[in-house]
Amino acid sequence: MTPASAPADSGAPQRFPVVVVGAGPAGLTVGNILRAASVDCLVLETETREFIEQRPRAGVIEEWAVRGLEKRGLAGNLLDRAELHTACEFRFDGERYRFPYGELTGSHHFVYPQPLLVTDLVREYADVRGGHIRFGVRDVRIHDLGTDRPWVSYTCPETGERQVVHCDFVAGCDGARGVSRASLPPERVRIARHDYGIGWLALLAEAPPSADCVLFGCHARGFAGQMPRSPEVTRYYLQCPPGDDVENWPHERVWSELRERLGAAGVPPPAEGRLIEKHVLDMHDYVVEPMVHGRLFLAGDAAHLVAPIAAKGMNLALHDAFLLGDALVARLTSGDDSGLDGYAQACLRRVWDYQEFSQWLSEVYHGTAAGDPFRAGTTLARLRRLFTSPAAAAAFAEQYLGTAARY
C-alpha cells in the first residue's frame, strides 16, 4: 500500500495511512511492522537520530518480547550480542542469596541496552525497509481525532515552515510529556497514579559489574541495585529521598553506600569507576484510560509508566507495539477492525499485572529501610520465603520473567 503523498516537507499537504509520533522502541516497532506489510507511515521525532541512538535507558528485555521482535525480523543484532541472564541475587542480613530463575522456569532475560535496540530499529525502519521518518521536528499537533480524517501538523526544523500530514490513524508513542497524551480530552481521561514516596539515584558507571547477574541489596540504609549493561559499564541504583539533589551524592559517598548496601559475607565490593550519568528518579506509576480516543492509539509511556523497580517499562512498550502494529496492518490491508477494537483491553491486562508486581517488589526492596520494625520484619519474612518455599519461588520467577502474563 503506497500513500498518495508529496515529498517530505515539500510544503504541500502529505498523506500517510499512519502517523507515528515518537521514535522510541514502541513507535519504531509499530513502524517496522507496518513497513513489513507494505503499509506506509510517517514517524515524527522531536530529537535527532544521534540523540535517540545514544540516550541511556532500560536494558532488560523479557524472553517473550525478544521472541516477538524475532518473529518480526527485528532481533538479529540482539540475539547475536545480548547477554543472557538466568539468575538474580538478593543480599540481606549480611548474606547473599542467589535465585536461579532459569532453572525454575527454563526462561531467561536478555540484557541489551535500549540505545542499541533503538539503533537497530531505526536502521531497519529507515535504511532497510524504506520508512519515512523526520527527526528534530517541533510543535507537533494532532487534529480532528474524533473524525475519520485526522491530521497532524509540525514545524520543519530546517525551514521553520508548518507541515500538514493527513492520515487514517495516529499512533501516540511519544512518552509521558508528549503531545499524544496531551491531545486526549481532559474530561474523558482517567489517570490512575501511585507515588511510592521514595527516590532512586540512577547511576551509570564506567566499571565492570561485581557479579554476573542483577543484584538487589535490601538494607536498613536503603535499597541498592546493580544491573549489568556490558563488561565495561554497570547501572546502579541507590534509594534516596524523593527530589534529592545529585550534588548531595559525590563520588565517595556513592561508592561508600554501594559497598555498604550491596555488601555480604564472602563477596568483593563493587569495582569503582567514573560516574558518567547521575540523576534522581522519583518512583511513581500511572495508567491512562482510555488508551484510545477516536483515531489516536497510545502506546508505551504515553499510556502507562511502571517505575524501574521491576524493569518492566520497555517490555510493556513492546507489548503495546506488537498489538497495535498487527492491528493496524489487519485494518489497513483487510478491513479487520477486531484488533483495534480490542487493543486497549489487551494492553491493560498486562499493564495492571505488571503494576501489581512492581508494588509487591517495592515492598521487598524498601521495607527494611522504612524505619518501621514491623514492615522490616514482614519484608525479611517475604525474602526468606523466596528461598524456602518452592511455590513462592515459582510464583516470583513467573512474574519476574513475565511468563505469568500470557495474553
Side-chain angles (χ1 to χ4, degrees), residues 13 15-24 26-27 30 41-46 137-155 162-197 242-243 282-307 312-313 316-317 319-321 323-325 327-328 331-332 337-356 358-359 407:
R15 177 168 180 78
F16 289 85
V18 181
V19 172
V20 178
V21 184
V30 169
C41 64
L42 174 66
V43 176
L44 299 176
E45 171 56 49
T46 59
V137 300
R138 294 288 178 264
D139 193 22
V140 179
R141 301 181 191 178
I142 306 173
H143 311 267
D144 292 344
L145 287 173
T147 75
D148 60 0
R149 297 177 181 272
W151 55 286
V152 179
S153 63
Y154 66 92
T155 298
R162 293 297 293 173
Q163 303 295 326
V164 171
V165 186
H166 297 281
C167 57
D168 298 310
F169 299 98
V170 180
C173 308
D174 52 343
R177 299 178 182 86
V179 66
S180 299
R181 197 174 99 178
S183 299
L184 298 174
E187 70 277 5
R188 298 187 61 182
V189 176
R190 186 190 78 169
I191 301 179
R193 182 182 171 104
H194 174 72
D195 288 285
Y196 290 93
D282 290 345
M283 294 291 103
H284 67 277
D285 309 316
Y286 63 75
V287 179
V288 178
E289 295 187 61
M291 288 177 61
V292 178
H293 174 65
R295 294 295 182 98
L296 170 65
F297 294 78
L298 301 183
D301 285 359
H304 42 73
L305 177 74
V306 184
K312 298 293 188 182
L316 282 178
H319 182 252
D320 292 352
L323 293 175
L324 181 55
L328 287 169
R331 169 63 174 78
L332 291 166
D337 284 321
S338 59
L340 291 179
D341 291 343
Y343 168 71
Q345 183 180 8
C347 291
L348 288 168
R349 284 197 296 266
R350 186 179 285 267
V351 168
W352 283 115
D353 187 82
Y354 280 17
Q355 295 284 18
E356 187 279 330
S358 181
Q359 282 202 316
Y407 306 130

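Sequential numbering from 1 along the given sequence is applied to the chain's residues.
- Closest non-hydrogen pair, V292 versus G294, comes out as CG1-O, 3.9 Å.
- With R15 as the partner, the side-chain contact (heavy atoms from CB on, under 4.5 Å) test is satisfied by one option alone out of V164, L42, D168: D168.
- A distance of 12.0 Å separates CZ in R295 from CG in D144, rounded to the nearest 0.5 Å.
- Relative orientation of the H143 and W151 rings is parallel, given thresholds of 30° and 60° on the angle between their planes.
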message = Applying side-chain contact (heavy atoms from CB on, under 4.5 Å) to R331 and F169, what does each step give before you reach the verdict?
response = CA-CA 10 Å; R331 169 63 174 78; F169 299 98; 3.7 Å; yes
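- Looking at L44 and V165, their side chains never come closer than 4.5 Å, going by heavy atoms from C-beta outward.
- Salt bridge status for D174 with R181: absent, with no side-chain N to carboxylate O gap under 4.0 Å.
- Checked by atom type and distance alone, the side chain of D301 never pairs as donor or acceptor with a backbone atom of A176 at under 3.5 Å.
- Contacts of Y196 classified as ring pair (Phe, Tyr, Trp, His ring centres under 6.0 Å), with partners at least two apart in sequence or in another chain: H194.
- Scored by the side-chain contact (heavy atoms from CB on, under 4.5 Å) test, D139 finds R141, T155, R162 as partners (sequence neighbours excluded).
- Taken from CD in Q345 to CE in M291, the straight-line distance is 12.0 Å, to the nearest 0.5 Å.
- Shortest non-hydrogen contact noted between C173 and S180 is N-OG, 4.2 Å.
- Nearest heavy-atom pair, A327 versus G339, reported as atom, atom and distance to 0.1 Å: CB-C, 3.5 Å.
- At least one side-chain heavy atom of T46 sits under 4.5 Å from a side-chain heavy atom of R138.
- Contact record, A23 with V43: CB-CG1, 4.0 Å, taken as the closest heavy-atom pair.
- The minimum heavy-atom distance linking S358 with A307 is given by the pair OG-O, 4.2 Å.
- Nearest heavy-atom pair, L145 versus S183, reported as atom, atom and distance to 0.1 Å: CD1-CB, 4.1 Å.
- Side chains of L323 and C347 form a contact here, defined as non-hydrogen atoms less than 4.5 Å apart.
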inquiry  = Set out, in order, the CA-CA distance, both residues' side-chain angles and the distance that settles side-chain contact (heavy atoms from CB on, under 4.5 Å) for L296 and L184, then state yes or no.
reply    = CA-CA 9 Å; L296 170 65; L184 298 174; 4.0 Å; yes
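- Panel note: side chain D195, backbone H284; no donor-acceptor pair is recorded below 3.5 Å.
- Rounding to the nearest 0.5 Å gives a distance of 11.0 Å between NE2 of H304 and CH2 of W352.
- Considering OH of Y354 and CG of D285, their distance stands at 14.5 Å, rounded to 0.5 Å.
- V288 pairs in a side-chain contact (heavy atoms from CB on, under 4.5 Å) with only one of the listed residues (V351, L348, L298), which is L298.
- Looking at heavy atoms from C-beta onward, L324 lies in side-chain contact with L340 at the 4.5 angstrom threshold.
- Side chain of Q163 to backbone of V152: no donor-acceptor contact under 3.5 angstrom is found.
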